Novice: 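Have a look at this one.
So you know, we letter chains A, B, ... as the sequences are listed, proteins then strands, and number each from 1. All of these numbers come straight from a predicted model, not from anything done at the bench.
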Amino acid sequence: MNIAPKYDPSIVEEKWYSYWLEKKLFHSEPDTRIPYTVVIPPPNVTGVLHMGHMLNNTIQDVLVRRARMMGKNACWVPGTDHASIATEAKVVNMLKERGIDKRSLTRDEFMKYAWEWKEEHGGIILKQLRKLGASCDWDRTAFTMDPIRYESVIKVFVDLYDKGLIYRGVRMVNWDPKALTAVSDEEVIYKESQSKLYYLRYYIDTPATTQFDLKDVTDSEGNAIPCGIKQNEKGYYVIVATTRPETILGDTAVCVHPQDPRYSQMKGMKVVVPGVGRSVAIIMDEYVDREFGTGALKITPAHDINDYNLGMKYNLETIDIFNDNGTLNEKGGKYKDMDRFACRKQIVKDLEELGLIEKIEDYTNKVGHSERTDAIIEPKLSAQWFMKMGDIAKKALEVVEDDTIQFHPAKFKNVYRHWLENIKDWCISRQLWWGQRIPAFYLEVEGRTETIVAETKEEAFQKAQQRFGNAISSIDQLRQDEDVLDTWFSSWLWPISLFDGIRNPDNPEIKYYYPTNDLITAPDIIFFWGARMIMAGEEYRDKVPFHHVYFTGIVRDKLGRKMSKSLGNSPDPIKLIEQYGADGVRMGMLLTAPAGNDLPFDESICEQGRNFSNKIWNALRLVKGWEVSEELKQPEECSQAVEWIEQRMACVLEEVERDFDQYRLSEALMATYKLMWDDFCSWYLEIIKPAYQAPIDRETYEATIRIFERLMCMLHPFMPFVTEEVWHTLRERPEEASIMVQHMPMSVFFDQRMLDGFAKAQETIAGVRNIRNSKGLSPKEALELYIRESEADTRFDNIIKKVANVSKVEYVSEKVEGAISFMVGTAECFVPMSQNIDKDAELKKLQDELAYTEGFLNSVMKKLGNEKFVNGAPEKVVNIERQKKADAESKIAAIKAQIAMLNA
RNA sequence: GGGAGCAUAGCUCAGCUGGUUCAGAGCAUCUGCCUUACAAGCAGAGGGUCACAGGUUCGAAUCCUGUUGCUCCCACCA
């Protein structure tokens, strides 16, 4: 058989992926088998594959392929997410490039462009996943805005509204002035930034005759501290520290702590907002941190959540000074239309000129940025839709606490608990067009605005007629809410809506595939997505959506930075695949990424994968290059080797099964890797390998093929392509065959004593090789080996002979002269040398070993001499120490005898 | 500011209820080898006071306390 000397993944991968698709091997339909379901974390429809996706999807594919080979009906459902903000931003940009302003379009026109954009640029990422080998059921590809998913979302909204879990209200929300929409708390990223703390003078608004006592006051510990009230030629003033001087335009109070002696004279006073001239009240509230700044806080209820709360409490006026895009509105007076940051600069300049700034300090604080646009978030009062989280969160917490859903690694339970215990209502409306439009309809009835929530406008009209009778005559009186829903409000239904379980809760698919088995996700979306899916599952199926959550790590570059498009530090996964093969990249990533651990990515880890693919390939070349003889009898070393490798495989299988049970994928792969490379290639194949151009016996050959096939099955979930290729080359296969649907080998009982015996033989062989190495002897020169041991195990002598190139193995009761010796356990091995032995070198080696062993014995004796140890430690442990002592003593005796012999 | 986690070989990580899996693996490094499957390879070797300091114990990488250094999450100190 002619097999290429190097493995070329590109041809092979293309070939087999098409083959799998053509044979519909990824497709699943409900049947009598046990289902195994995974739903993909839907990537952004306009996104491209990055390393995070690679890792995440490789893990899913490993689990899915393994489940399939374990005889389960595996179904991995792919799809994409419409990603409102991100996609809408891209569409708006695209329009801008074409000279079209979004505001000049109607909603319908915009949506047409958006869908066009989606059709053109969407789904690239799913195509890329095929290159990775992902065994998704592509027939089931879904989109969070396709009809089934869209309708499901609408239905859920209406249902939750009817249950009283969804409400509309004017609240302080996180406003993204770039995307012009509200975002949820989870979408705000706080970043540390260097800013300034401005100390502003607020003059006290008081008749000129009023006198204040400016003497030092006494704090609670009895120390004298300066009074909070200052005086200059213009009058009395207090100093307020702020990081956002532009918001003074919206100031409606100044707040101090009621027990702050510095300000006790301020009760009931008013101060003048600097530069603005407005006179505002001094209020006193314990919210204020006396230690911060000057202990006096300006209150801007429209632009800060805390100020808003205080504003509510003290009935303060709310002055909103910003437009939606972050510029100043008419309340900003002369600063109208300036951007908020430009305004800040200008206002500081103006105040400085007016002598209203006491000082400016450098200050580091955390500023909220929009997760999607990176714009600085502006707290803003607006009417939004919210979902109540209280009760539903409790249930979602319970199922994780009681391990109905298990997290891998479990440490994420803490994070999850903390979030759910402090959860706030979820702002679900977004001021965008790309998304599910909120099915709320407004109409004017007798001067009031009434709200009707219904799945369609027609339904809303009917409901309106029922409620308001003849006051409603035309459907056109209804006006639908302009906003769409948060994208996560569709993704949270994903495991259910994929099987149409919202619209048709009793359909056979949802009943069969739900709940899914494993969720593979990055920890950074645990709140956005994971937690909310659990809530939706509880609410709509009364069952958790999955039983295990596998958290992948975050892929980082060599410098430890998160890989991101903006940093440009992410390699192109498709290029990597071209360079190392999909199998190589998969293997490289998996080996270095235990669950929950970040993956410091370096291209070199793919090399290991590529090298491994090639190693497998070369083993195939060796085996398929043999001529098989029907006459030859199986040599003893071959039957021993076959027996051993089967035992060994059983042992590793057990380990791998244990690893998978605990979701320790990298460990499972490492164990299989070693089985293939070390045990199979380096030991087994070397033992059975016939001499050059000599044939191999039929029995050994068949056994080898069989073992090779099973190894390929074990590796297939990790490296789907090379294993399929090799599996097909090993034997003639029927038309439809694929390794994908072979049975995964299962662990069976294995004989540990045999494995131990073989390990000893391996050590013996290594000993002989070492002698060869140190003496510079050719591997072709046969040596002799004498072993002195009380209980000889001769089973593997033929193997030793062959692999170590030893002409004879003989068991002796006396020491062998003129030989170099080494020990394997308690056995002494002698290799006679024809050439002169370097006496001094040998002596030194022996003496070193003697010193070490004596030291070892010493420490054992110390333990055994300790009465507390002998009495306190368990019998078993003491016995082990006694055995150590005996072994060490006999070893010392042997070494001493050898030294004596050398010196003789 | 609150909480959680981590620290073991140059790198990435195993190491379960303290004791033969106890100091390990892979990669990298070094030394020999172009030995007819494979130099993307083969055969060997070196390398760690288990972050630091105490404590508990007959016995600690493992349990406790403190220190230091990292990481993550949460939070409205302007």
Side-chain angles (χ1 to χ4, degrees), chain A residues 3 5-7 172 185 190 197 240-244 247 255 287-294 296-300 304-309 363 365-366 368 379 409 411-419 421-422 523-524 526-527 554 558 560 580 584 588 591-594 596-600 602 604-605 607-626 662 664 666-667 669-671 673-674 677 681-682 685-686 689 691-693 765-766 769-770 772-774 776 778-780 805 863 866-874 876-878 880-881 883-884:
Chain A
I3 302 175
K6 280 221 180 348
Y7 174 65
M172 185 67 77
D185 295 343
Y190 287 90
L197 195 54
V240 176
T242 179
T243 53
R244 298 200 60 191
T247 61
C255 189
Y287 165 75
V288 176
D289 176 0
R290 279 180 269 186
E291 304 301 315
F292 189 90
T294 59
L297 169 67
K298 68 188 216 50
I299 305 294
T300 320
D304 183 282
I305 177 68
N306 307 300
D307 293 10
Y308 174 72
N309 292 336
Y363 184 63
N365 65 343
K366 296 217 171 171
K411 65 177 177 184
F412 287 107
K413 262 170 109 162
N414 291 329
V415 184
Y416 181 84
R417 181 188 315 113
H418 188 262
W419 185 69
E421 283 175 349
N422 297 286
D524 48 354
I526 181 172
F527 309 132
I554 291 165
K558 279 183 228 174
Y580 299 99
L591 265 185
T592 38
N597 273 43
D598 285 2
L599 177 130
D602 185 328
S604 63
I605 64 172
E607 268 172 46
Q608 199 182 348
R610 177 199 57 183
N611 295 356
F612 187 43
S613 302
N614 204 46
K615 182 73 186 178
I616 297 168
W617 188 249
N618 276 298
L620 174 76
R621 289 181 61 213
L622 173 69
V623 171
K624 293 309 284 186
W626 288 331
Q662 296 168 45
R664 294 162 60 132
S666 48
E667 306 253 324
L669 173 57
M670 179 54 78
Y673 169 83
K674 286 196 274 191
W677 196 310
C681 293
S682 299
L685 289 180
E686 289 301 328
K689 187 157 88 177
Y692 183 52
Q693 291 196 329
I765 291 163
R769 280 172 174 167
N770 257 334
R772 246 188 239 288
N773 246 352
S774 59
S778 158
K780 285 174 182 151
N805 190 18
K863 263 193 190 178
N866 183 341
E867 233 172 272
K868 283 180 184 164
F869 170 76
V870 179
N871 297 330
K876 199 179 115 197
V877 177
V878 178
I880 286 163
E881 290 303 314
Q883 185 60 51
K884 278 186 191 170

Novice: Once hydrogens and angles are ignored, does a donor-acceptor distance under 3.5 Å link the base of B:C76 to the side chain of A:Y287?
Specialist: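 Per atom types, the contact qualifies.
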Novice: Are A:N365 and B:C77 close enough that a side-chain N or O sits under 4.0 Å from OP1 or OP2?
Specialist: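 So the side-chain polar atoms of A:N365 never come under 4.0 Å of the phosphate oxygens OP1 or OP2 of B:C77.
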Novice: Heavy-atom count around A:E291 CD within 6.0 Å, excluding the residue itself: above 12?
Specialist: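 Counting neighbours around CD of A:E291, 12 or fewer heavy atoms of other residues, nucleotides or ligands fall under 6.0 Å, so no.
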Novice: Check the phosphate of B:A78 against A:Y363, side-chain N and O only, distance under 4.0 Å to OP1 or OP2. Yes or no?
Specialist: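 Checking A:Y363 against B:A78: at least one side-chain N or O falls below 4.0 Å of OP1 or OP2.
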Novice: Looking for any heavy atom pair under 4.0 Å, which part of the strands does A:R244 touch: base, sugar-phosphate only, or nothing?
Specialist: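 Nothing, no heavy atom under 4.0 Å.
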Novice: Between A:N614 (side chain) and A:R610 (backbone), is there a donor-acceptor pair under 3.5 Å?
Specialist: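 No, because the side chain of A:N614 does not come within donor-acceptor range (under 3.5 Å) of the backbone of A:R610.
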Novice: Under the rule syn = chi within 90° of 0, otherwise anti, which is B:U21?
Specialist: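 The base of B:U21 is oriented syn (glycosidic angle within 90° of 0).
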Novice: Taking the side chain from A:D304 and the backbone from A:T300, do they hold a donor-acceptor pair closer than 3.5 Å?
Specialist: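 The answer is no, because no donor-acceptor pair under 3.5 Å joins these two groups.
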Novice: Quantified in whole Å, what is the C1' atom distance between nucleotide B:C50 and nucleotide B:A23?
Specialist: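 Result for the C1' pair: 8 Å, nearest Å.
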Novice: Calculate the interatomic distance between A:K6 atom NZ and B:A40 atom P; express it in whole Å.
Specialist: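 Going from A:K6 (NZ) to B:A40 (P), I get 6 Å.
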Novice: State the dot-bracket string of RNA chain B. Criteria: Watson-Crick or G-U wobble, both atom distances under 3.5 angstrom; notation: ( ) intrastrand, [ ] crossing earlier pairs, | interstrand, . unpaired.
Specialist: (((((((..((((.....[....)))).(((((.......))))).....(((((..]....))))))))))))....
Novice: OP1 or OP2 of B:G44 less than 4.0 angstrom from a side-chain nitrogen or oxygen of A:R769, does that happen here?
Specialist: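 Yes, such a contact exists.
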Novice: Looking at every strand, decide which applies to A:W626 at a 4.0 Å heavy-atom threshold: base, sugar-phosphate, or nothing.
Specialist: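 Contact class for A:W626: none.
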Novice: Would you call the rings of A:W617 and A:Y7 parallel, tilted or perpendicular, taking 30° and 60° as the class edges?
Specialist: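 Tilted: the ring planes of A:W617 and A:Y7 meet at 30° to 60°.
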Novice: Run the numbers on A:L197 and A:N365 for side chain to side chain contact (heavy atoms under 4.5 Å, CB included), then give the verdict.
Specialist: CA-CA 10 Å; A:L197 195 54; A:N365 65 343; over 6 Å; no
Novice: Report yes if at least one side-chain N or O of A:R290 is closer than 4.0 Å to OP1 or OP2 of B:A78; otherwise report no.
Specialist: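 For B:A78, OP1/OP2 do not have a side-chain N/O of A:R290 under 4.0 Å.
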Novice: Using the P atom on both, measure B:A40 against B:C27 and round to a whole Å.
Specialist: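 Rounded to whole Å, the distance is 15 Å.
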Novice: For B:U62, does the O4'-C1'-N9-C4 or O4'-C1'-N1-C2 angle fall within 90° of 0, making it syn, or is it anti?
Specialist: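 That one's anti.
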Novice: Contact class for A:N414 (heavy atom, under 4.0 Å): base, sugar-phosphate, or nothing?
Specialist: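 Sugar-phosphate contact only.
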Novice: For A:K674, report the nucleic acid contact type (base, sugar-phosphate, nothing); a contact means any heavy atom under 4.0 Å.
Specialist: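 Answer is sugar-phosphate: A:K674 comes under 4.0 Å of backbone atoms only.
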Novice: Could you check which of B:C58, B:A78, B:U12 has an atom nearest any side-chain atom of A:P600?
Specialist: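 Minimum distance to the A:P600 side chain belongs to B:U12.
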Novice: Which part of the nucleic acid, if any, lies within contact of A:I305, taking any heavy atom under 4.0 Å across all strands shown: a base, the sugar-phosphate backbone alone, or nothing?
Specialist: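 Sugar-phosphate, no base atom in range.
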Novice: Would you classify A:E667 as touching base, sugar-phosphate or nothing, given that sugar-phosphate means primed atoms plus P, OP1 and OP2, and contacts are heavy atoms under 4.0 Å?
Specialist: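 Sugar-phosphate contact only - A:E667 comes under 4.0 Å of backbone atoms but never of a base.
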Novice: What integer number of Å spans the C1' atoms of B:C38 and B:A45?
Specialist: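 So the two C1' atoms sit 23 Å from each other.
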Novice: Take atom CE of A:M670 and atom C1' of B:A14, then tell me their distance rounded to the nearest Å.
Specialist: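 To the nearest whole Å, that distance equals 10 Å.
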Novice: Mind checking the P distance from B:G10 to B:G46? Whole angstroms is fine.
Specialist: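 About 15 Å, rounded to a whole number of Å.
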Novice: With hydrogens left out and only the distance checked, is there a donor-acceptor pair under 3.5 Å joining A:E686's side chain and the base of B:A37?
Specialist: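 Donor-acceptor pair under 3.5 Å: yes.
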Novice: Output the single nucleotide from B:U20, B:A75, B:C13 whose closest atom is nearest the side chain of A:K366.
Specialist: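 Out of B:U20, B:A75, B:C13, the nucleotide with an atom closest to A:K366's side chain is B:A75.
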Novice: Using the P atoms only, state how far B:U49 lies from B:G32, rounded to an integer number of Å.
Specialist: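 It works out to 27 Å between them.
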Novice: Classify A:R610 by what it touches in the nucleic acid, base, sugar-phosphate, or nothing, heavy-atom distance under 4.0 Å.
Specialist: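 The residue A:R610 makes base contact.
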Novice: Measuring to OP1 and OP2 of B:C42, would you say a side-chain N or O of A:W677 lies under 4.0 angstrom away?
Specialist: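 The answer is yes; a side-chain N or O of A:W677 sits under 4.0 Å from OP1 or OP2.
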Novice: Pick base, sugar-phosphate or nothing for A:N422, based on heavy-atom distances below 4.0 Å to the nucleic acid.
Specialist: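 A:N422: no heavy atom of the nucleic acid under 4.0 Å.
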Novice: Taking the same atom, C1', in B:A39 and in B:G24, what whole-Å distance lies between them?
Specialist: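 To the nearest whole Å, 28 Å.
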Novice: Indicate, with a heavy-atom threshold strictly under 4.0 Å, whether A:F527 touches base, sugar-phosphate, or nothing.
Specialist: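 Sugar-phosphate, no base atom in range.
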Novice: Roughly how far apart, to the nearest Å, are B:U36 and B:C42 at atom P?
Specialist: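 Here B:U36 and B:C42 have their P atoms 14 Å from each other.
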Novice: Please determine whether side chain to side chain contact (heavy atoms under 4.5 Å, CB included) holds for the pair A:T247 and A:K298, giving the CA-CA distance in whole Å, both sets of side-chain angles, and the decisive distance to 0.1 Å.
Specialist: CA-CA 9 Å; A:T247 61; A:K298 68 188 216 50; 2.7 Å; yes
Novice: Using a 4.0 Å heavy-atom cut-off, does A:D598 contact any base of the nucleic acid, only the sugar-phosphate backbone, or nothing at all?
Specialist: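 Since only primed, P, OP1 and OP2 atoms lie under 4.0 Å of A:D598, the category is sugar-phosphate.
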Novice: Closer than 4.0 Å, any side-chain N/O of A:N597 to the OP1 or OP2 of B:C13?
Specialist: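 For A:N597, the contact criterion (side-chain N or O under 4.0 Å from OP1 or OP2 of B:C13) is met.
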Novice: What is the nucleic acid contact for A:V288, judged by heavy atoms within less than 4.0 Å: base, sugar-phosphate only, or nothing?
Specialist: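 The answer is base, as A:V288 lies within the cut-off (heavy atoms under 4.0 Å) of a base atom.
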Novice: So, does A:K689 get its side chain near the phosphate of B:A37, meaning an N or O under 4.0 Å from OP1 or OP2?
Specialist: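 True: A:K689 side-chain N/O within range (under 4.0 Å) of B:A37 OP1/OP2.
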Novice: Distance check, P atoms only: B:G15 and B:U21, in whole angstrom units.
Specialist: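 Going atom to atom, P in each nucleotide, I get 15 Å.
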